Amino acid sequence: MLPGRRPLPPGMAADLAPHATTIVAIAAADGVVMAGDRRATMGNLIAQRDIEKVHPADAYSLVGIAGTAGIGIELMRLFQVELEHYEKIEGAMLSLDGKANRLASMIRGNLGAAMQGLAVVPLFAGFDLAAADPSKAGRIFSFDVTGGPYEETGYDAIGSGSLFAKSALKKRFRAGLSVADATRLAVEALYDAADDDTATGGPDLTRRIYPVVMTATAEGTYRLTDAETATIAEGVVAGRMENPGG
Amino acid sequence: MAMQFYASPEQIMRDRSELARKGIARGRSAVVLSYSGGVLFVAENLSSALHKVSEIYDRIGFAAVGRYNEFENLRRAGVRMADLNGLSYDRRDVTGRALANAFAQTLGAIFTEQSKPFEVEICVAEVGPTPADDELYRLTYDGSVNDEPGRMAMGGQAEAITGVLKSNHRPDMSLAEAVKVAVQALSTVGGEGGAARTIAANQLEVAVLDRQRVGRTFRRITGAALTALLDGESAPPTSDRPDTPSVPTGEAGKPTSSAGSADLEDRPGQPDS
């Protein structure tokens, strides 16, 4: 069902569809936080300024998608259905590692299209219900176009601004952050990414478009309301008024 | 060569019906009814691993009695059909009526074409915005479909149970009242000398399609929550939840349900990356 299984005409197709994004994920003491900016670009143009790239994969895991928009959304919907289908058929959820492995093989299936410029690389994070130590239950997995998964320690970012977001996180991340602190840190990292990468959108105070921030904890996934993200984003922007480097 | 005896088609159908009816009547019963907060499923089930009641889709549940392997086949096919339709079109395009039709086709074909019919009876229930909008479909072994008026019993001595349900059930009942009515109806049959039995919590499988929830509404009620509900000591376990939960909601404790799917699907067709 993936477009990757259908033959594509030869040649590069990267400029055909909206693209790019930055997603960050941070492991906190009681779960994991994932945030994504709201910009989609086509070449030098902004294709959309309020897209949503971070979604719940199921009740305890999150997926954020970077890369070609159309393929990414199809891959994500299929992944959500696969997790739900497995859960209903078997009467139990897949393990977090099982979900990551499944996502990896779905990305591997898109390799042909990826080589023609239609790559999709997600970031996957979730609360591991089977974790022996609750403080290590928030886990993050990254992928490449050939699959994966690669488990990350502490934090990770993907997309065009990930270099800057990861550099920011490298200096600011501490193990055992509270979910609230990790949420603020994620928005800060996205601000740093937007600062240096044109394909990443910063908090848009005039249109009231703020990053999408989601958490996965023992209580399940939760998407911060617009009011909550507005408060955080406005706090970050106010901080940068004093000190642009954060 | 074995002698071939002639049997009329009527005779064959009668024999198959009798076989199926006997098989279904031997098993334990299940009750489905709508109440103010949703649709309630209560089944007598000694096993905690093999379910008689399960989730099909966001607002659709499934209950069955009879042979486990046979209705489990149908359930899997139903989940597959629902998930595929939801992926191809939209989550709102998966309806209980379409599923009931598909089950009816399968059951009807098996009844006429196979040498042994499925010894099962099935309920496909879809929860609506109000109890009057709830849809309960009864599917029998021969593929017939009946639209039931807000309550139904199947398996075992279903007629006796239906009688009790009919006199006690009201669509505006609370969850606690609905569970009480369902368990009372189930326990009227099978006791010694026609007396009522007591059914313990660990012999019941209870689940609801929660009207107030967004996305996947199916929720099992097990353990302490079920015991409390049966004893009528405390408020129903929905009380700790807001009436309109933020999407998606997480289940505390064991994962018996998953993400609120309205959020997963709320902006179809938008470019995303």
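Not measured: the values here are computed from a predicted model. Order of the sequence lines fixes the chain letters, A, B, ..., with proteins taken first and strands second; residue numbering starts at 1 for each chain.
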Undergrad: Would you compute the distance between atom CG of B:Asp83 and atom CG of A:Leu78 and round it to the nearest 0.5 angstrom?
TA: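 Rounded to the nearest 0.5 Å, the CG-CG separation comes out at 10.5 Å.
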Undergrad: Which distance, rounded to the nearest 0.5 Å, do you find between the CD of A:Glu87 and the CZ of B:Arg216?
TA: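 One finds 4.5 Å between CD of A:Glu87 and CZ of B:Arg216.
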Undergrad: What closest approach, in Å, do B:Leu87 and A:Arg77 show between heavy atoms, and which atom pair accounts for it?
TA: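 Smallest interatomic distance, heavy atoms only, reads O-NH2, 3.1 Å.
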Undergrad: Would you say CD of A:Glu228 has more than 12 non-hydrogen atoms from neighbouring residues, nucleotides or ligands within 6.0 angstrom?
TA: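 Result for CD/A:Glu228: enclosed.
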Undergrad: For residues 115-143 of chain A, which residue pairs pass the ring-ring contact (aromatic ring centres under 6.0 Å, His included) check, not counting sequence neighbours?
TA: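 Counting only pairs at least two positions apart or across chains, the ring-ring contact (aromatic ring centres under 6.0 Å, His included) contacts touching residues 115-143 of chain A are A:Phe79-A:Phe124.
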Undergrad: Can you tell me which residue pairs pass the ring-ring contact (aromatic ring centres under 6.0 Å, His included) test with a partner in residues 37-63 of chain B, sequence neighbours excluded?
TA: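 For residues 37-63 of chain B, and leaving out neighbouring residues, the ring-ring contact (aromatic ring centres under 6.0 Å, His included) pairs sorted by first residue read B:Phe62-B:Phe103.
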Undergrad: What is the minimum heavy-atom distance between A:Lys88 and B:Ile56, and which atoms define it?
TA: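 Scanning both residues, the minimum pair turns out to be NZ-O, 2.7 Å.
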Undergrad: Got a sec: does the NZ of A:Lys136 have more than 12 other heavy atoms crowding it under 6.0 Å?
TA: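 No, the 6.0 Å shell around NZ holds no more than 12 heavy atoms from other groups.
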Undergrad: Looking only at heavy atoms, which of residues 68-80 of chain B get nearer than 4.5 Å to chain A?
TA: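 Counting heavy atoms that sit under 4.5 Å from chain A, the residues of residues 68-80 of chain B involved are B:Glu72, B:Arg75, B:Arg76, B:Val79, B:Arg80.
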Undergrad: Please identify each residue that fulfils ring pair (Phe, Tyr, Trp, His ring centres under 6.0 Å) with B:Tyr141, with sequence neighbours left out.
TA: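 Only B:Phe111 meet the ring pair (Phe, Tyr, Trp, His ring centres under 6.0 Å) criterion with B:Tyr141.
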